[in-house]
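What follows is one structure encoded as structure tokens, with my remarks underneath.
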Amino acid sequence: MKFKTHIFSLIVVCFAWSTTHVVSKGPASDSDSYILSCGSSNGGTDSDGRKWVIDIKSLTSSNSVTATAQYQDPSLPSETPYMSARIFTSQSTYQFSVSPKKRLWVRLHFYPSTYSNLDPADSYFDVVANEFTLLKNFSATITAQALTQAYFIREFSLPPVKSGKLNITFTPSKQHEGSYAFVNGIEIMGMPELFQPATMVGFTDQTIEVESNSLQTIFRLNVGGQYIAATNDSGLTRTWYDDSPYLFGAAFGVTSQADKNVKIQYPLDTPEYIAPVNVYSTARSMGPDAKINANYNLTWAFQVDANFTYVVRFHFCELKMTKVNQRVFDIFLNNKTAQAAADVIAWSGSQGVPVYKDYATYVADGTGDYQLWVALHPSVSMKPEYNDAILNGLEIFKVNDTGGNLAGPNPVPSQMMLQAEAEATKNFSPAGGPSHAQVIGGIAGGAAGFAFAAAVCIVVYRRKRKNAGGMESGFGSWLPLYGNSHTSTSKSTISGKSTTGSSHLSTITQGLCRHFSLPEIRQAAKNFHESQVIGVGGFGKVYKGIIDGGTQVAIKRSSPSSEQGVHEFQTEIEMLSKLRHRHLVSLIGFCEEDGEMILVYDYMANGTLREHIYKTNNAPLSWKQRLEICIGAARGLHYLHTGAKYTIIHRDVKTTNILLDENWVAKVSDFGLSKTGPNLNQTHVSTVVKGSFGYLDPEYFRRQQLTEKSDVYSFGVVLLEVLCARPALNPNLPKEQVSLADWALLCQKKGNLQDIIDPHFKGNINPECLKKFAETAQKCLSDHGLARPSMGDVLWNLEFALQLQQNPSEGKHVAEEKANDAYAMHKKMLNIEEESSLNEDTDDSNTNVVFSQLVNPKGR
Ligand SMILES: *[C@@H]1O[C@H](CO)[C@@H](O)[C@H](O)[C@H]1NC(C)=O
Ligand SMILES: *[C@@H]1O[C@H](CO)[C@@H](O)[C@H](O)[C@H]1NC(C)=O
Ligand SMILES: *[C@@H]1O[C@H](CO)[C@@H](O)[C@H](O)[C@H]1NC(C)=O
Ligand SMILES: *[C@@H]1O[C@H](CO)[C@@H](O)[C@H](O)[C@H]1NC(C)=O
Ligand SMILES: *[C@@H]1O[C@H](CO)[C@@H](O)[C@H](O)[C@H]1NC(C)=O
Ligand SMILES: *[C@@H]1O[C@H](CO)[C@@H](O)[C@H](O)[C@H]1NC(C)=O
Ligand SMILES: *[C@@H]1O[C@H](CO)[C@@H](O)[C@H](O)[C@H]1NC(C)=O
């Protein structure tokens, strides 16, 4: 469960209440709410402006100590409540007075770190709330590792406590020597009764009385939409996440958003606190092709604990259809029919009216990997007008077992993530780390090869790094995927996943991403025939292939002799399988069999950005197209930095890692070098220097500390490459011109930047636009990370530049407003695939013809 801690405001809570709930007697609602920063001496305010108070008044015993974390992970949203903790070495109880009539939220915040020199790995404990066991033999450290997050929240919902006294007891595990318990924050607040009896799937007339049970929130997703912070929830301070990481297989449908004229209207039996407007106004459906839809299930897969009943709440709101029997579909839970012939309009009566349905299912032990599958499929037999299905939101709650227990075992962190981290930590030491001299050696060696300039530098550099320290080699010299085909959503077969899946991958990843057998891959890639090769790199070759009888894919196969490690392979799968965004290349699946390591990606018809800006026979891209491509890539990177559950630093941003699909949509590729930002229990993301010459952040070099600003620097170089149409490094040029970044900054300073821009644009770039663009690149290249803009700022500035180019006459003010709109739209739709394709509004009318020519795959 992945909760961020963007918090909430009490005002909102109270508001939602008074409109929906009979005010109960008992204590005033204020006394129902506790927001405690545990172990803190004077409380504090978090990043959302919410006040946290000290916890001492609620403690019933004095056998605990307070401590401050020794290290502040950069991913913490604020010091409060995470930097302070209360540590228990023996059983201790908090007691709260609560309204006897209200269901309660209980949220526990954990930031496993080193407190008072205690080893975080020694902390195992139980948490009990009156008769309910919330956590048992719980290790926050292992949990955080498995989530690859520095901190996390556990959210529970308890039935009303009749005595009016809620005890929350922390007990260090007796089985573990030196064990202690800790907690950073506790929230307790009243909530309306959200639950009602739910049908047990597979048992026609059996229901579970959810109201009398305690529940744990396992997943809460804004399907087809994006992250909703607690402050933007409809009064219950819940956090909603993007659903795309949980989509199973290559076919993930299409997302949509309510048109302006569709107003979300809550009916009486669905108060707004059930889910906010943002949940109901975005949706995922199957796609426009009735035939394809008939042949696949729109499927989400979730990892859960066995031996529990789960209540799955589906939120629906029809945004397009208006009549009954237009869109009718079946809902499956773990391969059983939960609902046949669901028809949202039939349920809700009208477009824009929310409706929700609950189904319960028991996940038994012994099924192998404990997963909860949610699948939708058109009810073809009902002959609906469209073969389609829709979902707007999804919540999954775990119900306590007969013993009142909600706790499952600790998760098992992905072995490969742990190993990759251990390796990175081991190899990094101030003395043993790569020195400046070694790296320069790389450049010199590369420069000797002249003709291939930058590319050679990179290869030599990588070899050197490997030889010098035996570190993980770059996965990265990953070559473009060329061609001229279309990739589209298609039927997904689930091929023997659980029996043949990689043993190294966490089950969750296996669930998220499709597994191919070697024979399947061989068939797709014509038995790896040379004619299918579309790229070659240090790791092996990239082949073009066809799967599912028509979908073109790029198949990246490591040669057995390649230096590429199993770790990089697995890291790439682990990373990519969880990320889906319009501006990121999608991983479709993988194959690990017979010592082969193969990744299957979306096929990018127009290859790399690089091959469309210089040393190319391709027609030059117009300035507007280039700007749009830069904007797309910036969106992809911005998503990596902020849109995903944790910050992801790409580490190898360059023009050959920005790919273009058949519609010239830019997609960032190659996450083999990526690091999840501040994660695990490492002190900071310090790591061996990786990346490509000419793009490397000088600060990363000096301090070997990675931040997302290293990507911003590299992106600044990309912007210059696009503007000046020359490589980042060109050793053939006079010394001061070798590095594009240095040269362009020098020219910018002297005020003669226009002399080095691509001659194709001379006179075609609006001077205001050029100025904005150049300023943005210049800021990205600031020597110090702190002085560089965030990717979000870069994106805004590029949008602004685009407006200045398109509407020079409207003036700066209008351009600024439009850029604001574009940026707000992007933020809103971080994950939505609805923007119109670039082709539609290109000014060169002949570009389509020219660009659809086959590019020569061996042309580089
Ligand atoms: C809560 O704890 C107090 C003191 O430890 C105890 O007297 C009381 O019975 C407990 N209440 C419940 C509901 O467990
Ligand atoms: C809440 O929504 C508003 C408007 O949609 C947005 O500007 C704001 O950033 C959101 N707050 C958070 C914390 O995401
Ligand atoms: C589920 O319950 C069975 C029977 O009580 C037990 O043997 C098994 O270990 C449990 N499984 C898990 C994962 O807890
Ligand atoms: C559902 O069916 C698919 C394929 O038929 C299978 O891979 C998966 O394990 C099943 N899920 C469950 C929970 O039984
Ligand atoms: C969709 O899922 C159901 C339940 O698991 C299964 O019976 C059906 O065959 C699936 N349909 C397709 C096309 O995969
Ligand atoms: C949940 O726990 C309560 C209290 O122990 C118990 O009465 C109830 O039956 C449990 N629920 C289920 C589904 O077992
Ligand atoms: C507690 O959790 C750890 C880590 O998951 C596990 O190795 C150990 O066996 C568990 N102990 C008990 C008593 O369940």
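Because only heavy atoms are used, hydrogens play no part in the values below, and waters and symmetry mates are left out as well, while side chains stay in. Every number for a ligand or one of its atoms is a count from 1 in the order of the listing.
Only the backbone of Asp401 comes within contact range of ligand 6, with a heavy atom under 4.0 Å; no side-chain atom does.
Protein heavy atom closest to atom 7 (O) of ligand 3, with residue, atom name and distance, is Asp365 OD2, 4.6 Å. Looking only at heavy atoms of the protein, atom 8 (C) of ligand 6 is closest to Asn213 OD1, 3.6 Å. Scanning all protein heavy atoms for the shortest distance to atom 5 (O) of ligand 6 gives Gly404 CA, 3.6 Å. For atom 4 (C) of ligand 3, the closest heavy atom belonging to the protein is Asn307 ND2, 4.6 Å.
Polar contact check, Asn137 against ligand 7: a nitrogen or oxygen pair lies under 3.5 Å apart. The shortest N/O to N/O separation between Asn410 and ligand 7 falls below 3.5 Å.
Under a 3.5 Å cut-off, the side chain of Thr133 and the backbone N or O of Val128 do not form any donor-acceptor pair. Put simply, the side chain of Thr207 never gets that close to the backbone of Pro197: no donor and acceptor are under 3.5 Å apart. Although no hydrogens or angles enter the test, the distance criterion places a donor-acceptor pair under 3.5 Å between the side chain of Ser123 and the main chain of Tyr180.
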Stepwise ring-ring contact (aromatic ring centres under 6.0 Å, His included) check, His377 with Phe329: CA-CA 5 Å; His377 188 258; Phe329 53 96; over 10 Å; no
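Ring pair Phe170/Tyr94 is perpendicular by interplanar angle, where above 60° counts as perpendicular and below 30° as parallel. Between Phe138 and Phe110, the ring planes are tilted. Angles from 30° to 60° get that label.
Listed by atom number, the atoms of ligand 6 under 4.0 Å from Phe132 heavy atoms are 2 (O), 3 (C), 4 (C). Those atoms of ligand 7 that come under 4.0 Å of a heavy atom in Ile142, given as number and element, are 4 (C).
Residues Glu193 and Lys102 are not paired through a salt bridge, judged by the lack of any N-O separation under 4.0 Å between the basic side chain and the carboxylate.
Atom 11 (N) of ligand 7 is flagged as protein-proximal [any protein heavy atom, distance under 4.0 Å].
The nearest non-hydrogen atom to atom 13 (C) of ligand 6, considering only Val210, Asn400, Leu215, comes from Asn400.
Taking each heavy atom of Gln91 and Asn63 in turn, the nearest pair found is O-ND2, 2.9 Å.
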